[in-house]
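So that we are looking at the same thing, I have put the structure below in structure tokens.
Count residues from 1 along the sequence. Just so it is clear, the structure is predicted and the values come from calculations on it, not from any experiment.
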Amino acid sequence: MNATKVLCFAALAMIICGPLAAQEAAPVCSGDTENCLAAYQQAARVSTGTVKTDALEELAFLHSEKGEPAKAADYWAQACAANPQDAFARLMRGWALLSLGKPAQAAPEFETALLLTVMRNIANDASVGLGMAAFMRGDYRKALDVFQGVYTRDPYSIALTAYLAAESLYKMNRLPSALTFVQQSLSHDRQDIAAQLLQAKIHEKLDNPIQAWQAYAPLRELDPLDDYVSGRMERLAKNFKTDSANYLYYTRLAFPMPRAPRWTPSPEIRVGLYSGANGKPALLASVELLSNSSFTVTDAQSGAAAVYKPGRRWVAAWNAARGAVDIKDGSGNLEYSALRPAALKFSPDGAGLLLKNAKTAAPAALDTGDREIRGALALVPAEGGFYLVNALPVEDFLPGALAFAKEAATPPEALRALAVILRTKAAAATASGSGGDYDICDSRLCVPYRGINMESPETAAAADSTRGEILVSTPSGAVFAADFHAACGGLTLSGVKDTATPLPALTRAEIARKILAIPSPDLLCAPADPTEWSSIKWAVFLDAAPLERRLSANGKFGRLKSIEITKRDEAGRVLSARFLGTAREERVEGSGEVIRILSGGALRSPLFAITPFYSGSKISRLLVRGLGAGVGAGLCLHGAQALAETGADYKTLLRRYFPQASLSEWKK
């Protein structure tokens with residue numbers, strides 16, 4: 001029901017039946033914020049009982065999302081007065097007071113919520129709030145005790161409370177113990193950038209430069225433009241006696257693996273290698289080439305060729321003076337120089353080449369681990385370096401591309417469903433007619449691909465058993481816009497439910513309740529291990545400073561004063577936001593861009609709620625809590641795995657997550 005209908009219904013009830021009828025008209029509004037505010041204000045004025053309380057709670061959440069914490073706190077106070085036994089209202093009022101920097105006033109609200117509830121989620125969250133109140137007052141000993149208690153009893157917040165315990169110990173200068181807890185946090189949520197940053201700071205204080213540099217590295221890969229992280233890494237690298245890249249946890253391969261050539265006639269896909277978060281292949285300074293087969297290097301324009309024998313080592317290196325890519329032998333002798341794109345073609349078809357020790361201008365800006373490829377390799381000169389494009393049959397690309405899912409022990413039928421989706425993505429990419437040098441990137445923005453060295457019998461079987469199958473739109477027959485994500489948290493973008501439990505209308509309050517609630521026991525994407533919920537239900541503390549630096553990329557932003565969530569979709573996912581700084585404001589459109597600004601891209605999904613923590617009139621930190629992993633588009637990997645384990649085949653999975661599509665053969 002939209003806001004206009006809510007207002008009309010409430011007004012009509014008043015006219016026809018009087019105030020009692022209006023009390024039955026519980027507003028349901030998830031659209032335009034201003035219209036929703038008017039609807040709930042009307043309901044709060046004319047109603048009593050639970051309808052009035054619900055309206056006040058919705059008003060509190062709406063003002064919180066508008067970046068008006070003082071008004072939100074006032075509505076929470078009214079909700080508590082309207083229903084003194086409402087533990088949820090008490091809990092939220094406590095967080096609203098913490099947001100305003102009033103821990104002494106917040107603590108009694110959390111204590112009252114604990115007395116009023118028997119619900120584990122509210123009790124545990126109230127305990128976290130009490131710990132935060134103690135932390136903000138400087139009572140780190142008490143905060144630690146509270147966080148340790150929740151850590152031991154609540155599997156849904158284990159990563160968050162381990163981090164908060166680590167931060168309490170850090171403030172107490174108990175660094176080894178702090179390091180233990182921060183490592184526990186990261187073991188449960190590798191994407192917790194706050195824990196990653198704290199780990200780096202602890203190692204710096206402990207005078208462990210290598211470990212500190214390694215802890216900063218994932219943050220630089222996530223956000224290469226963060227000057228603070230880059231500066232810390234450059235300073236630490238001065239302590240190293242060898243190339244800092246040697247300390248990265250990347251795949252290292254000594255020689256190409258002996259393997260039979262694989263060559264499956266099928267449409268060709270061109271993959272931009274070593275792609276970053278922006279989906280573009282990185283500019284390389286050099287890369288080593290090791291091959292068990294012979295290969296030919298051909299100039300893309302003149303057709304001039306050179307033949308190289310197997311079993312040797314070459315280096316492709318950027319020649320800045322000539323703007324060319326030089327190929328040198330193991331002794332450094334120049335054998336070939338390409339001013340234009342050059343293609344390496346291996347013989348026989350399907351033979352492999354090892355790419356080793358790729359060097360970029362900024363170590364740790366992306367994963368430059370060693371990888372093997374098959375097909376053909378293009379060396380493309382560009383301003384400041386060269387990039388690599390691997391062209392190969394799509395059916396020979398898929399076994400390596402499926403490897404990221406196989407790491408989670410995906411059942412065979414779920415792997416088959418994913419094979420169809422990746423092949424469909426390849427079909428869409430090659431049909432786009434972009435005219436560029438590559439069709440698809442190898443980062444998580446497109447398809448995570450780390451080479452044929454990642455293949456397994458299971459991934460090869462998934463590709464072979466679905467050979468040529470793609471999804472097409474019904475009834476047009478056009479290639480379907482297929483995609484996948486890790487966990488939807490309950491509802492995909494196309495409206496496919498991940499649970500048999502009915503979903504309520506997702507008003508702002510219901511979104512917050514859903515994020516806070518213990519997940520439904522019939523949630524398909526639930527993990528088997530109850531301590532591994534971070535991909536479904538997650539929380540992270542973010543410093544405002546990196547966010548301010550990202551917002552200053554388009555001009556001085558200043559200090560962060562407020563964040564307004566300006567639009568959500570029907571499933572509650574954030575679509576746009578407004579950031580107000582002391583120098584200017586920035587409006588950000590698109591889930592991905594909002595996530596990039598907030599966290600450099602670390603937030604697991606756009607289904608989240610924000611609690612800002614103010615220091616005076618400026619925001620110093622943010623508590624972001626959310627559900628799911630990925631944008632929620634297409635196939636839910638965890639949900640598909642659960643269904644496959646009950647006996648569903650890949651066609652059943654595809655019908656469930658893509659009801660508007662059907663299987664067809666890819667003919668190019």
Side-chain angles (χ1 to χ4, degrees), residues 250-275 281 284 286-298 305-316 325 327-330 335-336 341-359 367-380 386-404 406 419 422 426 438-442 447-464 467:
Y250 292 161
T251 301
R252 299 300 180 199
L253 302 172
F255 304 102
M257 292 289 291
R259 66 178 79 242
R262 177 184 168 109
W263 191 258
T264 310
S266 54
E268 182 181 83
I269 182 81
R270 299 173 302 165
V271 187
L273 300 180
Y274 298 112
S275 299
L284 301 183
S286 65
V287 63
E288 295 180 27
L289 312 172
L290 287 82
S291 177
N292 283 334
S293 64
S294 62
F295 63 90
T296 303
V297 182
T298 307
V307 179
Y308 295 85
K309 295 181 178 180
R312 296 174 58 192
R313 171 183 172 274
W314 294 270
V315 176
V325 185
I327 297 180
K328 301 178 181 180
D329 65 18
E335 297 203 2
Y336 189 94
L344 280 64
K345 184 70 169 64
F346 316 122
S347 181
D349 288 340
L353 173 77
L354 172 61
L355 302 174
K356 184 173 176 59
N357 294 329
K359 305 292 185 186
D367 186 343
T368 52
D370 301 345
R371 63 188 66 180
E372 287 188 81
I373 61 170
R374 64 166 63 92
L377 178 70
L379 311 175
V380 185
F386 65 98
Y387 58 90
L388 304 178
V389 177
N390 178 204
L392 72 165
V394 70
E395 297 298 342
D396 297 329
F397 162 71
L398 289 176
L402 288 165
F404 79 93
K406 182 64 180 70
L422 297 189
Y438 58 95
D439 304 310
I440 201 167
C441 68
D442 67 351
V447 176
Y449 178 65
R450 292 295 176 266
I452 63 176
N453 47 291
M454 302 301 292
E455 296 174 355
S456 68
E458 292 84 0
T459 60
D464 293 341
R467 182 171 299 172

- Partner residues of Y387 under the ring pair (Phe, Tyr, Trp, His ring centres under 6.0 Å) criterion, sequence neighbours left out: none
- Task: Go through the structure and list residues passing ring pair (Phe, Tyr, Trp, His ring centres under 6.0 Å) with Y274, not counting sequence neighbours.
- Result: none
- Query: Is the closest side-chain heavy-atom distance between T251 and M454 below 4.5 Å?
  - Reply: no
- Item | Student check: side-chain heavy atoms of P281 and L273 closer than 4.5 Å | no
- Query: Taking only residues two or more places apart in sequence or in another chain, which ones pass salt bridge (Lys or Arg N to Asp or Glu O under 4.0 Å) with R450?
  - Reply: D367
- Do the side chains of N453 and R371 get nearer than 4.5 Å, heavy atoms only? yes
- Which pair of non-hydrogen atoms, one from S293 and one from A351, has the smallest distance, and what is that distance? OG-CB, 3.4 Å
- Item | Nearest heavy-atom neighbours spanning D396 and E455 | O-OE2, 3.8 Å
- Query: For atom NZ of K345, is the number of surrounding heavy atoms from other residues, nucleotides or ligands below 6.0 Å larger than 12?
  - Reply: yes
- Query: Looking only at heavy atoms, what is the nearest atom pair of W263 and G350, with distance?
  - Reply: CE3-N, 3.3 Å
- Would you check if the side chain of R374 reaches a backbone N or O of F346 as a donor-acceptor pair within less than 3.5 Å? no
- Query: Is the F295 ring parallel, tilted or perpendicular to the W314 ring (thresholds 30°, 60°)?
  - Reply: perpendicular
- Message: Looking at N390 and V271, would you say the former's side chain and the latter's main chain have a donor-acceptor pair under 3.5 Å?
- Response: no
- Item | Exercise: identify the closest heavy-atom pair between G375 and L392 | CA-CB, 4.1 Å
- Are L388 and I373 side-chain neighbours, meaning at least one heavy-atom pair lies under 4.5 Å? no
- Task: Report yes if some heavy atom in the side chain of Y438 is under 4.5 Å from a heavy atom in the side chain of V380; otherwise report no.
- Result: no
- Query: Distance-only, no hydrogens or angles: does the N357 side chain make a donor-acceptor pair with backbone N or O of D370 under 3.5 Å?
  - Reply: no
